[in-house]
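Shown next, in structure tokens, is the structure this report addresses.
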Amino acid sequence: MLSGKVLIVAEKDSVARTVAAYLSGGKVKVLRVGKIKTYHFTWRGCSCVALGLRGHIMDFDFEERYNSWLRVSPEVLFKVDPVLVVREETVKYVRVLRYYASRVNTIILALDSDSEGEAISYEVILATYSVNPRLRYYRALFSAITKRDIEKAFNSLTAPRPEIAKKVFARMILDLTLGAVFTRVLTLSVRKYLGDKLGSRFLSYGPCQSPVLNLVVQRALEREKFKPEKYYTIHVYAKTEDGKPLRLDHVRTYRSKEEAQKVAQRVKEHGFAKVTLVRNIKVKIPPPKPLDTVELERRLSRFFNIRAKIALDIAEELYRNGYISYPRTETTIYPPTLNLREILQELLATEHREYVQELLAQPKLTPTRGNTDDKAHPPIYPTAGATREELLSRFRRREFWIVYDFVTRHFLATLSPPARVLRQEVIAKAENVELRVTGVKILELGYWRIYPFEKVSEKIVPELRPGEKLRILRVEVRENETKPPPYLSESELLKLMRAYGIGTDATMQDHIHTNVVRGYFRIFRKRCIPTELGKTLILVLSKHASRLVDPHFRARMEKLLSEIVQGRDPRSVIEEMKREAYQYYLRLRGKLDEIGRELAEAFLKTFRYARSK
DNA sequence: GCAAGGTC
């Protein structure tokens, strides 16, 4: 099937390098063209060159003449087709692609086996077919960067799937069109009220960023609407028969203070409580599953108050420097080809040496296992052992060490035994008033030894037996108040985004970050607090175009787009979505003055506040 | 100057 000369294109350099190494059997010549590395080798008698891109090489944009926000009415953008253009930063890649394309007879598209990879494949075809009419294109689909998978993919090449590429292109067109139209109309609405005060700022809308903002705002509104209510609880201080002190709580709460006091009085007069139930349950707490991107971000936020964007930026840098594996993954199962013992050997160079030795001494390693596999990248794990000093001197920032050490501990935890605790519960009755005390006793630390972030605090209840009498010393009625729900934490937000299907593992933190940069919400002590501007933006959009900010909007759009893969004409899908968006546009346009006034007022509050802080 | 998705 193949003969002569072959160009292999991968999504990133590391994959091109690995493919070359596996197919060549080891003999690879590396040539640099500017900053781009090309890998030359022989495979099945063909002379091959492999190179890695940096993701997409093309992008959609509106033609130059639509760039004026003032002279071009936003609705015009619904009627024009954005054009696919080579990105400035990737012109050099296209040049190299074309150079080789004119000198080979076959291009193998070894891009990631997801829809983005299919789209990038198509971009490569668009960039090269004109320089060599005899070119043949094949697709190599591998589900892991392992020798077996790569060889299998290259021995069973398939055809590119343009319908998947077209779905991605349709998404790009819709994201751009909706983003541009609504960003411009919102920004223009406040112009006449704000003038120069707007500065270089603008009010953005996006099919991912805005539903994310909505989630944050809804929680804040719940919080604001919340009316605290008083309630009363009863607490009993008692002594066991052998003299140990013990506090029991009445299982009920009361709205009325008088009623609570009456019950408390009855308990007090009764003088003792009789133990009716002693329950001790041994519970196993399993170690965490192998780490994916979202979980890395969520845990670093929860455990260390590190923002998701910072977490991924640092993980990226650690990856580039060879300390951890590729940080953008949805996989939570270690592939069978991953040599866990080898990684442990590496980790002997860390300060967890002794713990690592214990694990290595075990005859069999049994890692935990999640249930997701993106078929592209393994879970995140450390790839080199390093000390605190090494990381601190190399990166100069404490967070690098925190992230690296976290990844290491998490990896070790997944190979560790569960923690074991004893959950204790004692019920006692004074007259007919039910009292309870609960406790936790740690039986075995298990993985908590290396992963103390999840360790529970111990509270031990003295040993009691049913029928035992507890002498009541004091009874207390406490006044409490119901509390509003807290602002959404960044960790919860990421979880919700994943559940609603907003963004991808690699972009979720971006959508959060965009909202922060736009001044829509702040993150303070791990929690997302919307500004006046963020709240007003959601209020305005909810009133006139609620679907655009609905958390389900992204998933709905994806579902519609997937019809393209089933054979539907992309143009008809794009038109359908645009028609709907146009209706929302008309509604907003009908209320432009009112909307502009509200947003302008909120804008001033938000940025006056930001400056005065 | 608009978005979201790759990648560094």
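In what follows, every chain begins at residue 1, and chains take the letters A, B, ... in the order their sequences are listed. FYI, side chains are in, hydrogens and waters are out, and symmetry mates aren't considered; it's all heavy atoms of this structure.
The phosphate of B/dG1 has neither OP1 nor OP2 within less than 4.0 Å of any side-chain N or O from A/Ser204. Phosphate proximity of B/dT7 to A/Arg328: present, with a side-chain N or O under 4.0 Å from OP1 or OP2.
A side-chain donor-acceptor contact under 3.5 Å links A/Tyr39 and A/Asp13.
Here A/Phe182 lies out of heavy-atom contact (under 4.0 Å) with every strand. When heavy atoms are screened at a 4.0 angstrom cut-off, A/Thr514 is found touching no nucleic acid atom at all. Among the atoms of the strands shown, only primed sugar atoms or phosphate atoms (P, OP1, OP2) are found under 4.0 Å from some heavy atom of A/Gln209. Residue-level contact check: A/Tyr326 touches the backbone only, with heavy atoms under 4.0 Å from sugar-phosphate atoms and none from bases. Among the protein residues, A/Arg184 comes within range of the nucleic acid bases, having at least one heavy atom under 4.0 Å from a base atom.
The base of B/dC8 lies close enough to the side chain of A/Arg54 for a donor and an acceptor atom to sit less than 3.5 Å apart. The base of B/dC2 sits with one of its N or O atoms less than 3.5 Å from a complementary donor or acceptor on the side chain of A/Asp61.
Looking at A/Glu490 and A/Lys309, no side-chain N of the basic residue comes within less than 4.0 Å of a carboxylate O on the acidic one, giving no salt bridge. A salt bridge links A/Arg320 with A/Glu316: the distance from a Lys NZ or Arg NE/NH1/NH2 to an Asp or Glu carboxylate oxygen falls below 4.0 Å. By the 4.0 Å N-to-carboxylate-O rule, A/Arg498 lies too far from A/Asp505 to be salt-bridged with it. The pair A/Glu118-A/Lys167 does not count as a salt bridge, with every side-chain nitrogen at least 4.0 angstrom from each carboxylate oxygen. Using a 4.0 Å cut-off between charged nitrogen and carboxylate oxygen, A/Arg171 and A/Asp175 count as a salt-bridge pair.
The distance between atom CG of A/Asn321 and atom P of B/dC8, rounded to the nearest whole Å, is 13 Å. Per the geometry, OH belonging to A/Tyr93 stands 8 Å off C1' belonging to B/dC8, to the nearest Å.
Within residues 557-583 of chain A, no residue has a heavy atom under 4.0 Å from DNA chain B. Residues from residues 111-126 of chain A that place a heavy atom under 4.0 Å from any atom of DNA chain B, listed by number: A/Asp112, A/Glu116. Scanning residues 539-552 of chain A for heavy-atom distances under 4.0 Å to DNA chain B yields an empty list.
A cation-pi geometry, defined here as NZ or CZ lying under 6.0 Å from the six-membered ring centre and within 45° of its normal, holds between A/Lys79 and A/Tyr582.
No donor-acceptor pair closer than 3.5 Å links the side chain of A/Tyr323 to the backbone N or O of A/Gly385.
Looking only at side-chain heavy atoms (C-beta outward), A/Ile502 and A/Pro211 come within less than 4.5 Å of each other.
In this structure, the aromatic ring of A/Phe202 is not positioned over the six-membered ring of the base of B/dG1 within 5.5 Å between centres and 30° between planes.
When the side chain to side chain contact (heavy atoms under 4.5 Å, CB included) test is applied to A/Gln209, the partners found at least two apart in sequence or on another chain are A/Ser204, A/Thr514, A/Asn515, A/Tyr520. Remark: A/Arg54 engages A/Tyr93 in a side chain to side chain contact (heavy atoms under 4.5 Å, CB included) (not counting sequence neighbours). Listed by chain and residue number, A/Glu163 satisfy the side chain to side chain donor-acceptor pair (under 3.5 Å) test with A/Arg161 (two or more places apart in sequence, or in another chain).
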